[in-house]
Number of protein chains: 2
Amino acid sequence: MTKSTDGPRRRRSPKGEHRREEILDAGMRIFARGGYSSASIASVAEEVNLTLPGLLHHFPTKVDLLLAILERRDINSLALVGSLDGNWRETLKGLCRVNRANTEIPGVVRAFSILNAESLIEDHPAVGWFSTRLAGVRERLAGGIRRGVEAGEVRADIFPEDIAAEIIGMMDGLQVLWLRAPGQTDIVAIFDGYIDRLIHDLEVKS
Amino acid sequence: MTKSTDGPRRRRSPKGEHRREEILDAGMRIFARGGYSSASIASVAEEVNLTLPGLLHHFPTKVDLLLAILERRDINSLALVGSLDGNWRETLKGLCRVNRANTEIPGVVRAFSILNAESLIEDHPAVGWFSTRLAGVRERLAGGIRRGVEAGEVRADIFPEDIAAEIIGMMDGLQVLWLRAPGQTDIVAIFDGYIDRLIHDLEVKS
DNA sequence: GTCTATAGGAGGATAGAC
DNA sequence: GTCTATCCTCCTATAGAC
């Protein structure tokens with residue numbers, strides 16, 4: 001009853017909790033360099049000055065480590081997801097802010113870009129997470145656009161789900177281009193320009 | 001002088017040449033399932049009813065096999081690249097045709113989507129190929145749009161390189177979404193709709 | 001909570017016969 | 001051109017001491 005209740009909180013000692021966070025940070029860095037399958041958890045252990053068994057005490061398997069990293073990302077991005085519920089124009093502008101903020105954390109973007117494609121592999125441990133996440137973001141985005149249609153602000157001859165998929169595809173695709181050639185890709189200007197045109201095209205002409 | 005001249009042609013026996021093609025096809029299928037690093041060349045050998053050393057006779061290392069697959073893709077896509085040189089509107093419509101044709105070969109799209117992101121990894125054997133390819137396609141695309149500007153058909157206040165990057169990002173990103181949820185993503189309709197709006201937005205208003 | 005030591009397995013590549 | 005047999009390296013994970 002004291003240990004088997006594995007809720008989101010209720011962790012061990014403060015020191016262990018701190019170690020846990022360190023390991024998650026290091027894991028993110030390692031996965032950012034090589035994705036999941038080609039990365040070794042031994043290198044993660046090395047990054048935090050632990051031996052391999054020492055690390056495995058906190059995360060029994062490599063999959064556990066990956067899922068913990070993904071889970072933490074979910075929690076951290078709740079604030080951003082919250083911004084998907086207001087006015088449709090604000091929603092799209094919010095995505096521009098997310099995109100801009102992402103340029104400050106290329107390591108995180110890198111890890112998730114690689115993991116995103118890698119999770120297309122059958123039986124990859126992250127398939128579930130990315131599928132669920134995609135469905136959720138797409139539904140929220142489509143919902144925002146749909147409310148714009150219902151409010152008479154957005155053209156009624158478009159499909160909100162398709163527009164949502166288009167936007168997500170653009171964000172993800174641009175990130176890969178940006179990571180490959182950062183100096184030649186002004187991802188902020190490109191995405192802002194795209195969203196500006198999209199807003200203009202979606203608006204009901206007055 | 002007879003063997004050391006390793007030009008693009010000049011292969012061994014007809015039977016060997018046939019085997020070579022079989023192996024490349026099988027390699028594509030295997031990489032489509034798991035990308036490069038998590039795939040084993042032994043499974044490729046199994047697909048063509050060869051032992052591992054038997055396969056390594058044709059491609060000495062795993063990297064050689066990967067590069068041969070990429071090289072062949074280059075040759076096969078020359079026809080498509082050729083279509084990037086005409087009128088800017090036709091160029092963009094040509095991309096729609098490529099996108100539509102891609103829905104017929106999900107295996108190839110899958111392999112290249114995974115490899116594309118995987119090659120972001122430092123020292124990945126495919127970095128060079130994807131970098132060169134991206135630079136080439138982007139330059140050709142931007143060139144087409146630039147000629148549209150010079151012809152007075154396209155607005156002069158846009159950056160052709162940025163628009164080119166935007167389009168490539170959209171194509172690549174949509175492919176990942178489509179591969180993850182094929183039934184819920186009408187990639188042809190979405191990309192066609194995007195290109196239609198883009199053409200409209202780029203046109204100089206008359 | 002962290003260590004040493006080690007089991008156990010998979011994958012890439014080579015040597016040499018046919 | 002294809003095989004059998006083998007080597008070596010790297011990785012995940014476990015056992016058990018401190």
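Protein chains get the first letters and strands the later ones, always in sequence-line order, with residue 1 at the start of each.
Contact between the side-chain N/O atoms of A:T51 and the OP1/OP2 oxygens of C:dC3 is found at a separation under 4.0 Å. A sub-4.0 Å separation between OP1 or OP2 of D:dG1 and a side-chain N or O of B:H57 is present. At least one side-chain nitrogen or oxygen of B:H58 sits closer than 4.0 Å to the OP1 or OP2 atom of D:dT2. OP1 or OP2 of D:dT2 has at least one side-chain nitrogen or oxygen of B:R19 nearer than 4.0 Å.
D:dT14 atom P lies 10 Å from atom CG of A:D64, rounded to whole Å. With rounding to whole Å, B:H18 atom NE2 is found 12 Å from D:dT2 atom P. Remark: C1' of C:dT14 and CG of B:L55 are 15 Å apart, rounded to the nearest angstrom. One can place CD of A:E46 at 14 Å from C1' of D:dC11, the figure rounded to the nearest angstrom. Whole-Å rounding puts the B:I23 CD1 to D:dT2 C1' distance at 11 Å. In this structure, the CZ atom of B:F59 is 16 Å from the P atom of C:dT14, given to the nearest Å.
Contact check for A:W178 versus A:V109: side-chain heavy atoms found under the 4.5 Å cut-off.
Residue pairs meeting the ring-ring contact (aromatic ring centres under 6.0 Å, His included) criterion with at least one member in residues 20-53 of chain A, sequence neighbours excluded: A:F31-A:Y36, A:Y36-A:H124.
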Using a 4.0 Å cut-off on protein heavy atoms (strictly under), produce a 5'-to-3' string for nucleotides 6-13 of chain C with B for base contact, S for backbone-only sugar-phosphate contact, and - for none. -----SSB
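The side-chain contact (heavy atoms from CB on, under 4.5 Å) search around A:D196 returns A:K93, not counting sequence neighbours. For B:D201, the salt bridge (charged side-chain N to carboxylate O under 4.0 Å, His left out) criterion is met by A:R197, not counting sequence neighbours. Every side-chain contact (heavy atoms from CB on, under 4.5 Å) that B:A111 has, sequence neighbours left out, goes to B:M28, B:A32. For A:W129, the ring pair (Phe, Tyr, Trp, His ring centres under 6.0 Å) partners at least two apart in sequence or on another chain are A:F112.
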